[in-house]
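Both counts, for ligands and for their atoms, begin at 1 and track the order of listing. Atoms considered below: every heavy atom in the structure, side chains included; atoms not considered: hydrogens, waters and symmetry mates.
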Amino acid sequence: MADHDRDVHLRPPAVDRVLGWPAISALIEAHGRPLVLQAARDELAFLRERADGCTDEGITHSIHARVDAVVAPSLRKVFNLTGTVLHTNLGRAPLPPEAIEAMVQVASGASNLEYDLGTGKRGDRDDHVEALLCRLTGAQAATVVNNNAAAVLLTLNSLALRREVIVSRGELIEIGGAFRLPDIMARAGCKLHEVGTTNRTHLHDFENAMGVKTALVLKAHASNYNIQGFTAEADPRELGALCQERGVPFVVDLGSGTLVDLARFGLPHEPTPAQTIASGADLVTFSGDKLLGGPQAGIIVGRASLVAVIKKNPMKRAMRCDKLTIAALGAVLRLYANPERLIQHIPVLRLLARPPTEIEALAHRVLPLLSRYLGARAQVDVVPVQSQIGSGSLPVDLLASFAVRIKPAGPKKGSGSWLDQMAGEFRKLPVPVIGRIADGAFLLDLRCLEDEAGFLALLTPSQG
Ligand SMILES: *Cc1c(COP(=O)(O)O)cnc(C)c1O
């Protein structure tokens with residue numbers, strides 16, 4: 001950088017001149033002319049507007065920044081140290097290496113996605129996961145779509161168009177964002193027939209509601225809330241039997257749909273799709289990227305005749321999974337074949353099962369570097385905290401964990417904005433670190449930190 005580059009001009013130079021500067025030519029070489037030209041024009045227009053003087057060095061720097069802002073990927077890897085294992089905003093389940101390898105294999109070229117290698121004829125993309133899903137759930141048939149919201153929408157639209165769906169008032173759920181059962185029902189073209197009350201619904205409520213207009217009975221799993229006190233719900237087994245007697249399909253939206261018994265992690269028992277089918281559900285829907293630990297997907301399993309109707313719905317075509325999802329889901333489901341090695345191989349299960357003592361030891365290992373990184377500004381220690389599963393899975397059940405707690409070193413005044421600033425600073429790291437603010441501190445729950453070296457490298461000033 002020559003000295004005159006720092007001379008202050010009152011008016012910005014012409015765009016053609018700027019494009020000829022060596023640093024800008026190098027930028028054109030790297031990113032192409034249209035992008036750099038646009039960035040230069042925008043910057044010069046900004047400077048003319050501001051009319052505040054500028055330097056060649058400053059202009060070069062700003063054009064670089066504008067180009068960087070356009071070419072830098074928006075979707076990036078982050079460290080999820082929020083303490084919420086299945087964080088919807090942070091992408092839910094991390095995938096096992098087997099699933100990533102399976103995606104890479106099909107992503108880079110052609111595959112037999114819808115091609116039967118035996119007959120040389122057209123195949124069905126569901127074929128790559130259907131047998132696995134049937135084996136793991138005891139269902140006769142299965143199909144997959146983009147996510148569980150789509151699975152519910154498609155099921156309702158396929159089986160209950162212009163007819164009635166009976167749902168307990170205690171289960172008219174809203175799940176984060178825009179998934180409200182009554183709205184989904186309306187968009188699916190079904191009539192909602194509510195029965196019972198918010199806290200109590202009995203078998204006879206369903207019995208009385210069933211009639212010629214009834215298309216199906218829907219039971220939605222209370223994923224993200226818990227009704228306590230004077231409550232009652234119809235026993236799912238009895239409800240299933242009643243539906244069977246009346247010839248009405250019984251559909252259960254399980255939400256998370258874990259394929260393993262969570263009691264193994266010291267968590268309360270959650271019904272699995274296999275148990276739900278065994279106890280009388282005709283169809284069960286659940287997510288691929290919640291407790292199952294796979295890619296985003298909506299899985300529908302159950303009675304073959306009903307799955308066949310769902311598969312024939314033209315809306316299925318609009319909700320189908322892409323080859324990457326099918327590849328990843330197949331790989332994750334294959335891991336479930338070996339129950340012995342399951343917990344180590346499926347990251348979500350591994351993170352849920354992680355012993356607090358291991359998390360505590362990790363916290364003590366990263367503490368010195370964090371402390372040095374923050375210097376005199378902050379007071380840093382290790383504290384016990386509670387992680388949650390997230391994505392509406394077992395909302396009231398927490399997992400004992402440990403966090404590094406970061407508090408302002410000086411007087412507590414204005415610590416709210418200090419904490420916001422600290423959280424912002426961690427989000428600006430080359431790999432953003434997302435923690436949470438609670439109890440007057442910025443907390444980094446280390447339950448989900450597996451790349452310890454990568455995290456520590458962020459806190460170590462790079463050489464040179
Ligand atoms: C999470 C959830 C859904 C939505 O599933 P997505 O895979 O996020 O679309 C639907 N129903 C229940 C009960 C859920 O918990």
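- Under the 6.0 Å cut-off for aromatic ring centres, F442 and F426 qualify, their centroids lying closer than that.
- Using 4.0 Å as the threshold, Q296 has no heavy atom nearer than that to any atom of ligand 1.
- For ligand 1, the atoms sitting less than 4.0 Å from at least one non-hydrogen atom of K290 are 1 (C), 2 (C), 3 (C), 5 (O), 14 (C), 15 (O), numbered in the order shown with element in parentheses.
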With side-chain contact (heavy atoms from CB on, under 4.5 Å) as the test, would you mind laying out the steps for E207 and L242 before giving the verdict? CA-CA 8 Å; E207 210 166 354; L242 173 67; 3.9 Å; yes
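- Between R125 and E130 there is no salt bridge, since none of the side-chain N atoms of the basic residue sits less than 4.0 Å from a carboxylate O of the acidic one.
- Annotation: G255 places no N or O atom under 3.5 Å from an N or O atom of ligand 1; distance criterion only.
- Here's the thing with N148: one of its N/O atoms is less than 3.5 angstrom from an N/O atom of ligand 1.
- The shortest heavy-atom distance from V152 to ligand 1 is not under 4.0 Å.
- Applying the 6.0 Å contact sphere to CZ of R169 captures more than 12 heavy atoms from other residues, nucleotides or ligands.
- Close approach to A149 involves these atoms of ligand 1, each under 4.0 Å from a residue heavy atom: 4 (C), 5 (O), 6 (P), 9 (O).
- Side-chain contact between T155 and I310: present, with at least one pair of heavy atoms (C-beta onward) separated by less than 4.5 Å.
- Between E171 and ligand 1 there is no heavy-atom distance shorter than 4.0 Å.
- Contacts of E164 classified as salt bridge (charged side-chain N to carboxylate O under 4.0 Å, His left out), with partners at least two apart in sequence or in another chain: none.
- Taking only nitrogen or oxygen atoms, main chain and side chain alike, R92 reaches within less than 3.5 Å of ligand 1.
- Residue-ligand proximity, H221 to ligand 1, at heavy-atom distances under 4.0 Å covers atoms 13 (C).
- Sorted by first then second residue, the side chain to side chain donor-acceptor pair (under 3.5 Å) pairs that include residues 351-370, not counting sequence neighbours, are R354-E358, R365-E452.
- The S287 neighbourhood of ligand 1 comprises atoms 5 (O), 6 (P), 7 (O), with distances under 4.0 Å to a heavy atom of that residue.
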